[in-house]
Amino acid sequence: MISVEEAQTIILQLVDSLQQMETISLDEATGRILAQPISSPLNFPYWDNSAMDGYGVRFEDVQGCSSEHPITLDIITEVPAGSNPNRSIQSGEACRIFTGAMLPDGVDTIIMQENTYQEGKKVMILSPPKYCGEFVRKQGSFYQAGDILLNPGISINEAEMAVLATAQCSSIQVYRRPRVAILSTGNELITPTETLQPGQIIDSNQYALKAFIIKNGGIPICLGIVQDQPNIIKQKIIEAINTADFVLSTGGVSVGDYDYIDKILAELGGKIKINSVAMKPGKPLTVAKFDNGCVYFGLPGNPVSALVSCWRLVKLALEKLSGIKGDYQPKFITAISHDDLSSNGQRETYIWGQLKLINGEYIFSLAKGSQNSANLINLALTNALAILPIGVTKISQGERVKVLLL
Ligand code: AMP
Ligand code: MG
């Protein structure tokens with residue numbers, strides 16, 4: 001049995017990042033992975049503009065003024081945001097100007113409205129600017145035309161959308177989304193719409209994994225329930241590896257009489273790189289690579305085990321596959337445990353619960369109820385997993401514990 005850390009290394013080595021791109025519109029870009037460098041032929045700000053509602057002046061005109069000795073300037077024009085100023089400001093003159101409006105020629109400084117007094121077509125400046133250029137957003141001061149704005153391999157979220165819009169990128173090259181096939185193996189399984197008969201179990205894994213794939217930017221290809229019959233499983237796996245970049249199956253990777261997955265993968269030419277990992281839950285985990293590049297994850301059937309394996313290991317693989325440039329490391333933090341946590345110390349133990357920030361400290365609270373890998377009920381609302389390393393059997397309430405953020 002290999003360690004979780006070793007499993008992570010092996011899995012990441014197996015995965016190649018997608019190279020295929022597609023062109024999409026800006027409207028569709030949220031959550032996608034950028035595949036091209038972005039730059040703009042325009043400076044940002046596009047032109048000198050005002051950061052305040054106030055008056056545009058010449059710095060040299062207003063030095064030394066004060067509320068006792070204001071300097072009075074003639075207001076010769078008004079520049080609202082969006083207008084193209086057509087008059088230039090000479091010595092002794094000012095313009096009324098509003099936030100975001102382009103500066104007229106001659107104006108080098110903005111006096112905020114609060115430091116002025118307007119009477120008719122004249123404005124009194126009651127306090128001098130601190131420096132020439134105060135409250136001016138200079139053309140190109142945020143970004144110089146032609147420089148790189150965004151690099152490939154980043155995830156496009158709110159702020160990146162704003163940049164892409166500003167750079168007028170109406171269509172964008174992104175990596176295509178990873179295609180991930182999901183199949184649930186087990187004679188006992190039924191769909192949520194079927195009527196439960198004694199001995200049966202509802203296939204919850206299909207839904208859990210589908211959500212996991214969607215949340216991580218992939219396209220789930222749901223292949224449904226497959227009976228524990230080698231020929232049927234084989235046909236489904238052939239279909240899966242020919243249509244998907246990754247395959248996630250649940251069940252059938254343990255040591256039971258109906259656990260056929262490993263044997264079938266080998267028969268189909270899959271190179272099995274992992275068959276069990278020293279973690280709890282999640283010990284049975286089969287990872288195989290096929291010649292067409294498809295990576296197969298045979299996850300344990302127990303609902304908690306399947307998700308813990310996804311959160312700890314498959315997530316990083318999916319990140320790399322998707323084209324994200326990064327270090328593909330899990331997000332660990334240290335928290336204070338609200339409860340006593342225990343393990344038999346033999347495998348790296350993942351305990352589910354909730355992390356909350358309380359008075360500036362991260363507090364991990366154990367999920368109430370049974371920490372049993374079949375207990376999908378108290379897994380709901382889990383946002384973190386506390387980790388007890390091999391050899392550690394107890395972490396007491398109030399002690400620090402390593403936590404995986406989900
Ligand atoms: P297995 O690894 O196939 O032996 O399955 C282990 C346990 O997980 C069994 O109790 C199964 O009933 C349960 N299980 C397997 N597949 C699923 C599934 N798709 N949804 C919910 N429970 C499952
Ligand atoms: Mg089974």
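As the structure lists them, so they are numbered: ligands from 1, and atoms in each ligand from 1.
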Practice item. Report yes or no: does a heavy atom of I202 sit under 4.0 Å from some atom of ligand 1? Key: yes

Check your understanding: Would you say A374 contacts ligand 1, with heavy atoms under 4.0 Å as the rule?
Key -> no

Exercise for review: Give the residue, atom name and distance (to 0.1 Å) of the protein heavy atom nearest atom 4 (O) of ligand 1.
Suggested key: D259 OD1, 4.1 Å

Review point. Does E188 have a heavy atom less than 4.0 Å from any atom of ligand 1?
Key: yes

Check your understanding: What distance do C95 atom SG and R87 atom CZ have between them, rounded to the nearest 0.5 Å?
Key -> 10.5 Å

Practice item. State the atoms of ligand 1, each with its element, that fall below the 4.0 Å cut-off from a heavy-atom position in S184. Key: 19 (N)

Check your understanding: Okay, side chain of N43, backbone of A145: is any donor-acceptor separation there less than 3.5 Å?
Key -> yes

Exercise for review: For atom 6 (C) of ligand 1, find the nearest protein heavy atom and state the residue, atom name and distance (0.1 Å precision).
Suggested key: N302 N, 3.8 Å

Check your understanding: Counting only N and O atoms by type, is there a donor-acceptor contact under 3.5 Å from the side chain of N302 to the main-chain atoms of S305?
Key -> no

Point to revise | Min heavy-atom dist S204 to ligand 1 below 4.0 Å | key: yes

Study note, to complete from the structure: Quick note on ligand 1: atoms under 4.0 Å from a heavy atom of T250 include exactly 19 (N)

Review point. Looking only at heavy atoms, is any part of N205 under 4.0 Å from ligand 1, and if so is it the side chain, the backbone, or both, or is it neither?
Key: both

Exercise for review: Check whether NZ of the Lys or CZ of the Arg R179 lies under 6.0 Å from the centre of the six-membered ring of F246 and within 45 degrees of that ring's axis.
Suggested key: no

Study note, to complete from the structure: Taking only non-hydrogen atoms of I201 and a 4.0 Å limit, the atoms of ligand 1 in range are 12 (O), 21 (C), 22 (N)

Practice item. Can you figure out which of G301, G252, G199 has its heavy atom closest to atom 3 (O) of ligand 1? Key: G252

**Study point:** Nitrogen or oxygen of D203 less than 3.5 angstrom from that of ligand 1
**Key:** yes

Review point. Is a side-chain donor or acceptor of D340 paired with a backbone partner of K394 at a separation under 3.5 angstrom?
Key: no

Review point. Does the distance from a Lys or Arg side-chain N to an Asp or Glu carboxylate O, for D339 and K368, drop under 4.0 Å?
Key: no

**Study point:** Residue pair D262 / V253, side-chain heavy-atom distance below 4.5 Å
**Key:** yes

Check your understanding: Is a side-chain donor-acceptor pair under 3.5 Å present for Y296 with S249?
Key -> yes

